[in-house]
Amino acid sequence: MRPADRVRAAAARLASAGDLPAYVHDLPGLRGHAAAVRAAMAGAAEVFYAVKANPAAEILRALRPFVDGFEVASGGELAHVRGLLPEARVAFSGPGKTGAELALALELGVERLHVESPTELARLIATGARADVLLRANPDLPGEGTRQAVSSPFGMDPDGLDACVRLLRDAPRIRPRGIHTHLTWAREDARAMAGLAGRVTAWALPWLRAHLPQIAEPELDLGGGMGVDYADPRALFDWNAYGAALSGLGGQARLRIEPGRSLTAYHGWYVTDVLDIKRNHGRHYAVLRGGTHHLRTPVARGHDQPFTVLSHAAAGPALTGAVTLVGQLCTPKDVLNRHAEVAGLRVGDLVAFGLAGAYAWNLSHHDFLMHPEPSFHYLDEPQASSEPSPGR
Ligand SMILES: Cc1ncc(COP(=O)(O)O)c(C=O)c1O
């Protein structure tokens, strides 16, 4: 995905103002993408945005009209979302919920609590409060599409689920509503995702009928994990195919999905400039202002972050060929792109890393080496306002 003109213009302004590195978010682009996802999922599944991907207030507000709700994974995310969007529907997931987090969930009101273990359910029951829960399942579903290890800290195997069923017998205030799963991540192939959804449904619905027959209208939350292809940013997840496949499962259960990365990655850019170009033992390195303490995504996932050179410096030696793009940290792991090919790269060039709208700043170790933080910019169309502007 190429930066929109407004992103290029903002980057140029920030460079002239010496305000780099900077995160630049394209909110009209984000809204357009979220609207397309919503249209593809209409009638097939509810869409809850996984806040962990990018919790910035501007992003949550921009997404609000295009999602059915928000999935949070900590008391911090819950309080943040409630503070910004008091009326939003919220589901609360995540392992190791503390007593204080459960109390906060009950106080602030979450629509669904995703129970991760029998211990967590017992902790919830002990509060004596009413709650609507999904049991997070980690069934062993053979076949294509599953990426989560069968054994993991997340969710429950059939033994854990059975233990929950026993606890629920003596817990009239806790209303089970269905099953939650999140069994894959970064799955670019909508067909494989749809196949997995089919297998989850084929397992979960008979399980619910057998173990929790009191649930009249079962719910299945299929989690997130729709992929973003960092090697080929133009290869978008096929939302229409996924929506059509989930529609085919419809009628059997109320479906919900929780995409994070695939909603916000595409419309965030990390913009910076080249500080140094050097050759070291036969390899070229371009040292950029900032680095993986701002954008840890390529290190966390082990990929090359895609980038565009937005403008070239007017003078100086130019490098054409292979180069490794690194940041300013004193660690060889501070690599943003290991396999870059450039044409005429110079010190002072302006560079924008794409797909930086998800698991980027909020995933990064900001304080290492005490470099300055980036600035943040949320580009938007001018809003019509009935308020008189100052000085009029
Ligand atoms: C329970 C749950 N739901 C949704 C997500 C969002 O996943 P993604 O950003 O890959 O769509 C995650 C990610 O870790 C998760 O753990």
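Atoms within each ligand, like the ligands themselves, are counted from 1 in listed order. Remember, predicted model here, so these are calculated numbers, not experimental data.
Residue P259 has at least one heavy-atom neighbour below 4.0 Å for each of these atoms of ligand 1: 11 (O). Counting the atoms of ligand 1 from 1 in the order shown, those under 4.0 Å from a heavy atom of G260 are 8 (P), 9 (O), 11 (O). With ligand atoms numbered from 1 in the order given, ligand 1 contributes 1 (C), 2 (C), 3 (N), 4 (C) to contacts under 4.0 Å with heavy atoms of E71.
Ligand 1 has H180 within reach: a non-hydrogen atom of the residue lies less than 4.0 Å from it. Note on ligand 1: Y359 sits in its first shell, one or more heavy atoms being nearer than 4.0 Å. Residue contacts with ligand 1 do not include A53, since none of its heavy atoms lies under 4.0 Å from the ligand. Assignment of G225 to the shell around ligand 1 is supported, since a heavy atom sits closer than 4.0 Å.
Closest to atom 6 (C) of ligand 1 by heavy atom, among P95, S93, A265, A50, is A50.
Between L379 and R6, the shortest heavy-atom contact is CD1-O, 3.4 Å.
Atom CG in D273 sits 4.0 Å away from atom CZ in R289 (nearest 0.5 Å).
Ionic pairing of R177 and D221 is not present here: no N-O contact between side-chain nitrogen and carboxylate oxygen is shorter than 4.0 angstrom.
Some N or O of R261 is nearer than 3.5 Å to an N or O of ligand 1, by distance alone.
Side-chain contact of H114 with E71: a donor-acceptor pair under 3.5 Å is absent, judged by distance alone. Between the side chains of H33 and Y266, no donor N or O sits under 3.5 Å from an acceptor N or O.
Ring geometry, H211 versus W207: the interplanar angle falls under 30°, so the pair is classed parallel (tilted spans 30 to 60°).
Aromatic rings of Y270 and Y23 (six-membered ring for Trp) have centroids within the 6.0 Å cut-off, being under it.
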